[in-house]
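Protein chains get the first letters and strands the later ones, always in sequence-line order, with residue 1 at the start of each. Note: hydrogens, waters and symmetry copies are ignored here, and every other heavy atom, side chains too, is used.
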There are 2 protein chains.
Amino acid sequence: MPRPRQALLSRERIVTTALALIDADGLAALSTRRLAAALGVQGPSLYNHFATKDEILDAVADSVTATVDVSAFGRYDWCEALRRWAVSYRAALAAHPNIVPYLAQGPGRRPAALAMADAVYGGLVRAGWPPARATHIGAALRYYVAGSALGSFARGFVEDPALYAAHPHLSQAHRLAGHQRSVDEGAFVLGLDALLHGLAAEYERTVAGLEPATARE
Amino acid sequence: MPRPRQALLSRERIVTTALALIDADGLAALSTRRLAAALGVQGPSLYNHFATKDEILDAVADSVTATVDVSAFGRYDWCEALRRWAVSYRAALAAHPNIVPYLAQGPGRRPAALAMADAVYGGLVRAGWPPARATHIGAALRYYVAGSALGSFARGFVEDPALYAAHPHLSQAHRLAGHQRSVDEGAFVLGLDALLHGLAAEYERTVAGLEPATARE
DNA sequence: TGCTCAAACTAGCGGCGTAAGTTTTCATCC
DNA sequence: GGATGAAAACTTACGCCGCTAGTTTGAGCA
């Protein structure tokens, strides 16, 4: 088949199909040939639209990051904004857990990731955090969110009671996998609350009162 | 070459060589043939010692986890023990960042990972935390440590100032990569302090005073 | 009308994980 | 001490992988 009247592929169609395949079968199961087949096309045709497979994965990762809501940084105080951002960020990643190991390697050159970093860092600096501190806080929350979405904590435990016989405190561990959703979310919220609580205390100690009122929001 | 008088391979030699290659060239660059070549052997010979490549990676991941120090749970109060464990855990992962995406997928059936989970959970329950809370706390810290080791936050930013022109708050972001070590460690410590501070506050609210003294340590 | 580009194709390279079967050595048991 | 069986290396090969090169033909423009 030569060039068709109507283009069969587009970057957008490739990205959404790739994400669907990754969601369904995992990152390792995505090959250019399988992706192309799902699009009704031969493998190498993808290279008319992307230079490498990694470029496709970057676009997929960025499409996930683009769904994160950072608008809270204009609307709430820094602490509540951080919470809302973290919740939205985690929700975006948890909806597509299989891409997280790839996505979590850093913003690289992905525009949505850069826009997110900009919003978070800007929001913290505007609230009065010193720049170095703002960087650290953004990093710490990204660590936490990425880690929480990287792999389900609960699903990591195999559903095989015999495996835990040698570990006295893990006698119930085989049941974790069955409560994956509530364990993972409960742990996430608990840790996020603790993290923000600790940051708020630090803010009271080191930032509040030292800045003119206009520097806060 | 048939069976040699002295075995050329051993599980241990395979694991340490695999870890060295992963450290040097990344997880994706580890193939059975390259690993075998580094061991002076043909590719399929590895299958006399491991059933699959994943089994090799599991053993590598477990050898890293085995270096984590959980002895603090017998020696310090729960909060200080968590801190020391988290620091040791992160150091172990940060020493071999390329294996972290694989390792972070959960303890699975890896014995060192299970022993670690057992020590942490047991330590928290002994200190009086309710079992469900102990699970959540262990998960939250694992999220944080895994996220912090998954990829350097700082190295995720490309050293190309032009890339950040469109993002007003990121004008200094290209300098992050140069300070990778101090940024990553500073962020880790800041977040860990905040997390533990928040957990301690929660402990005061919900656990302390409600338990007989013998349940604490 | 003719030129150039775009988007599909086919063919194929080198590398991958690993299955199958072969050869030789070592350890064990009558 | 000779037979036996497992162990540990080997060679060969299959089907998949990412990707390159070169080809074909429709689309858009001069």
Candidate nucleotides dA8(C), dA11(C), dT18(C), ranked by approach to the side chain of L9(A) - the nearest: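 So the side chain of L9(A) is nearest to dA8(C).
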Side chain of Q42(B) (C-beta onward), nearest among dT11(D), dT18(C), dA8(C):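 The nucleotide sitting nearest to the side chain is dT11(D).
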Would you mind reading off the distance between [X] atom [atom1] and [N] atom [atom2], rounded to a whole angstrom?
X      : N       : atom1 : atom2 : result
R33(B) : dG17(C) : CZ    : C1'   : 7 Å
L35(B) : dT18(C) : CG    : P     : 12 Å
L21(B) : dC16(C) : CG    : P     : 12 Å
I14(A) : dG18(D) : CD1   : P     : 14 Å
K53(A) : dC17(D) : NZ    : P     : 9 Å
Y47(A) : dC19(D) : OH    : P     : 4 Å
L27(B) : dG17(C) : CG    : P     : 11 Å

side-chain N/O H49(B) vs dA9(D) OP1/OP2, d < 4.0 Å: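 Looking at the OP1 and OP2 atoms of dA9(D), one of them is under 4.0 Å from a side-chain N or O of H49(B).
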Short side-chain N/O contact from S45(A) to OP1 or OP2 of dA7(C), under 4.0 Å: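 So the side-chain polar atoms of S45(A) never come under 4.0 Å of the phosphate oxygens OP1 or OP2 of dA7(C).
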Taking any heavy-atom pair under 4.0 Å as a contact, classify [X]: base, sugar-phosphate, or nothing.
X      : result
S31(A) : sugar-phosphate
L46(A) : nothing
L39(A) : nothing

Qualifying residue for side-chain contact (heavy atoms from CB on, under 4.5 Å) with I14(A), from L19(A), V41(A), I56(A):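 When side-chain contact (heavy atoms from CB on, under 4.5 Å) is applied between I14(A) and each of L19(A), V41(A), I56(A), only I56(A) qualifies.
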Check: dA7(D) base within 3.5 Å donor-acceptor of N48(B) side chain: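 It does not, because no donor-acceptor pair links the side chain of N48(B) to the base of dA7(D) below 3.5 Å.
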ring-ring contact (aromatic ring centres under 6.0 Å, His included) evaluation trace for Y143(A) with Y143(B): CA-CA 8 Å; Y143(A) 293 160; Y143(B) 293 160; over 10 Å; no
Smallest separation among heavy atoms of A18(A) and V60(A), with atom names: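 Closest pair (atom of A18(A), atom of V60(A), distance): CB-CG2, 3.8 Å.
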Audit row: T52(A), D54(A), side chain to side chain donor-acceptor pair (under 3.5 Å) steps and yes/no: CA-CA 5 Å; T52(A) 64; D54(A) 267 6; 5.6 Å; no
